[in-house]
Amino acid sequence: ISADESCASCHTQVLRIFDDKQEIFKETVDDVFFIPSNKAFTIIEPIRKEGEPYCCPTSFSMKIYTWGGQNFVLYKDSLNK
């Protein structure tokens, strides 16, 4: 996980996964929880409502990616309110 080049103090990050030197996954995320598992991973990140403090998000997005043979494929996308 690397910080976004545009803002050193922002919560935005770029999640990159490499196989040797080849980038096989890239997604921009916000204060992400990254949970790896066997040939899959889960990304949980806050959904910020207007005016909501950064400390206390009330909603989260959860995406599960699985290995599709050549790259990671979105398996499930859900919102926890």
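Everything numeric here is computed off the predicted structure, so don't read it as measured data.
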Do you reckon Ile17 sits in the same ILVMFWY cluster as Val73, going by side-chain contacts under 4.5 Å, direct or chained?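 No; tracing contacts between hydrophobic side chains, which count when under 4.5 Å, never links both residues.
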Atom CD in Gln22, atom CG in Asn71: separation rounded to 0.5 Å?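 Rounded to the nearest 0.5 Å, the CD-CG separation comes out at 10.0 Å.
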Please report the interatomic distance CG(Leu15) to CZ(Phe25), rounded to the nearest 0.5 Å.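 Going from CG on Leu15 over to CZ on Phe25, the span is 5.5 Å.
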Show me the side-chain donor-acceptor pairs of residues 60-68 shorter than 3.5 Å, one per line, residues at least two apart or across chains.
from: Lys63; atom 1: NZ; to: Glu27; atom 2: OE2; distance (Å): 3.1
from: Tyr65; atom 1: OH; to: Glu27; atom 2: OE1; distance (Å): 2.6

Output side-chain donor-acceptor pairs under 3.5 Å for residues 33-47, partner residues at least two apart or in another chain, one line each.
from: Ser37; atom 1: OG; to: Ala40; atom 2: O; distance (Å): 3.4
from: Glu45; atom 1: OE1; to: Asp30; atom 2: N; distance (Å): 2.8

Listed partners of Lys49 passing side-chain hydrogen bond (donor to acceptor under 3.5 Å, both in side chains), at least two apart: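 Applying side-chain hydrogen bond (donor to acceptor under 3.5 Å, both in side chains) to Lys49 gives Thr58.
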Applying side-chain hydrogen bond (donor to acceptor under 3.5 Å, both in side chains), name anything that partners Glu23, two or more places apart in sequence or on another chain.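 Glu23: side-chain hydrogen bond (donor to acceptor under 3.5 Å, both in side chains) contacts with Arg16.
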Name the one of Cys56, Pro57, Pro53 that satisfies side-chain contact (heavy atoms from CB on, under 4.5 Å) with Arg48?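 One option only clears the test, and that one is Pro57.
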Scan for salt bridge (charged side-chain N to carboxylate O under 4.0 Å, His left out) pairs involving residues 51-61, sequence neighbours excluded, and state none if there are none.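 Every candidate salt bridge (charged side-chain N to carboxylate O under 4.0 Å, His left out) pair involving residues 51-61 fails, so no pair, neighbours aside, qualifies.
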